[in-house]
Amino acid sequence: MSTSDHRAAAPAPAAPASGPASFAVSVPDFPDAELEAEELDPEQVVSGAPVVTGKLLWESPDGKQLRGIWQITPGVVTDTEADELFVVVSGRATIEVEGGATLEVGPGSACVLREGDRTTWTVHETLRKAYHISLP
């Protein structure tokens, strides 16, 4: 989802924001209780009552690289994307890119979204992903 959604959470102690760090996290097993609520602009919600949570695991010192976990419950939302690579660990969604492809994603799907892509996410099953975002 949007860059501001991913920036809401604080870095995890295992991966300090002060610089590059090596770390491993079991994304499928990461406890829901440790994911932090993220505000979803009501204007982005097309249908349903999706809830977004996440955890920022690492941020580069200049704030231009972000890595973390993100989750959304079923519903339909719109977004304008950042430059992002993510891998879906659980759940399923259809992502329609305005003027582009319709992406069917599920466990194991690797997906690249370009900065500025306008998307509509139809989340069929609660979707959890591990992401890397690059900001200009």
Side-chain angles (χ1 to χ4, degrees):
M1 302 301 289
S2 72
T3 305
S4 61
D5 293 339
H6 292 301
R7 285 183 175 265
S18 61
S22 298
F23 66 94
V25 174
S26 177
V27 177
D29 300 325
F30 199 87
D32 282 349
E34 291 187 34
L35 297 177
E36 299 165 5
E38 296 182 10
E39 288 292 320
L40 188 59
D41 183 341
E43 291 185 15
Q44 290 180 269
V45 178
V46 175
S47 68
V51 174
V52 174
T53 54
K55 183 73 171 179
L56 181 63
L57 299 174
W58 179 85
E59 181 174 358
S60 64
D62 64 4
K64 293 186 176 188
Q65 304 290 316
L66 308 170
R67 297 175 185 150
I69 299 169
W70 184 84
Q71 183 168 284
I72 185 169
T73 62
V76 180
V77 297
T78 61
D79 197 21
T80 301
E81 303 298 336
D83 184 20
E84 178 178 8
L85 164 67
F86 66 86
V87 176
V88 176
V89 253
S90 60
R92 297 192 181 282
T94 302
I95 305 167
E96 296 175 57
V97 180
E98 186 177 286
T102 296
L103 312 170
E104 298 292 336
V105 298
S109 296
C111 184
V112 174
L113 297 173
R114 296 172 304 169
E115 181 180 350
D117 279 348
R118 295 169 57 90
T119 57
T120 300
W121 292 62
T122 302
V123 180
H124 310 291
E125 300 169 11
T126 297
L127 183 130
R128 181 178 285 201
K129 67 182 184 179
Y131 67 85
H132 176 91
I133 291 177
S134 298
L135 301 172

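Only a predicted model underlies this, so the values are computations on that prediction, with no experimental measurement involved.
Here the CD-OG1 distance, from Glu38 to Thr53, works out to 7.0 Å after rounding to the nearest 0.5 Å. To the nearest 0.5 Å, atom OG1 of residue Thr102 and atom CD of residue Glu104 are 7.5 Å apart. Atom NZ of Lys129 sits about 12.0 Å away from atom CD1 of Ile69, to the nearest 0.5 Å. In this structure, Arg92 CZ and Thr126 OG1 are separated by 13.0 Å, a value rounded to the nearest 0.5 Å. Taking CD1 from Ile72 and CZ from Arg128, the interatomic distance works out to 13.5 Å, rounded to the nearest 0.5 Å. To the nearest 0.5 Å, the span separating CG on Asp83 from NZ on Lys64 amounts to 12.5 Å.
Here the side chains of Ser109 and Val87 are not in contact, with every heavy-atom distance at 4.5 Å or above. Side-chain atoms of Trp70 and Leu35, non-hydrogen and from C-beta on, never get closer than 4.5 Å to each other. Counting heavy atoms from C-beta outward, Asp32 and Gln71 have side chains that approach closer than 4.5 Å. Side-chain contact between Leu103 and Cys111 is present, with heavy atoms from C-beta onward closer than 4.5 Å. By the 4.5 Å heavy-atom criterion applied to side chains, Thr122 and His124 are counted as neighbours. A heavy-atom distance below 4.5 Å is found between the side chains of Val105 and Leu127.
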(request) Evaluate salt bridge (Lys or Arg N to Asp or Glu O under 4.0 Å) for Glu36 paired with Lys55, printing each intermediate quantity in order. (result) CA-CA 6 Å; Glu36 299 165 5; Lys55 183 73 171 179; 3.1 Å; yes

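Arg114 approaches Glu81 most closely through the heavy-atom pair O-CB, 3.8 Å. Taking all atoms of both residues into account, the shortest heavy-atom contact from Ala82 to Ile133 is CB-CG2, 3.7 Å. Of all heavy-atom pairs spanning Pro107 and Ser90, the tightest one is CG-CA, 4.1 Å. Closest of all the heavy-atom pairs between Val45 and Pro50 is CG1-CD, 3.9 Å. Of all heavy-atom pairs between Ala93 and Val123, the closest is CB-CA, 4.0 Å. The heavy-atom pair separating Trp58 from Leu56 by the smallest distance is O-CD1, 3.4 Å.
When hydrophobic clusters are built by joining Ile, Leu, Val, Met, Phe, Trp and Tyr residues whose side-chain heavy atoms come closer than 4.5 Å, directly or via intermediates, Val46 is not grouped with Leu40. Note on Val76: it does not cluster hydrophobically with Leu113, by side-chain heavy-atom contacts below 4.5 Å among ILVMFWY residues.
The other residues sharing a hydrophobic cluster with Val112 are Leu85, where clustering joins ILVMFWY side chains under 4.5 Å apart.
Side-chain atoms of Asp41 come within 3.5 Å of backbone atoms of Glu43 as a donor-acceptor pair (strictly under, hydrogens ignored).
Using modelled atom types, one finds no donor on one side chain facing an acceptor on the other under 3.5 Å when comparing Thr78 with Gln44. For the residue pair Ser60 and Asp62, a side-chain donor N or O sits within less than 3.5 Å of a side-chain acceptor on the partner. Neither side chain, Thr120 nor Glu96, offers a donor N or O lying under 3.5 Å from an acceptor on the other.
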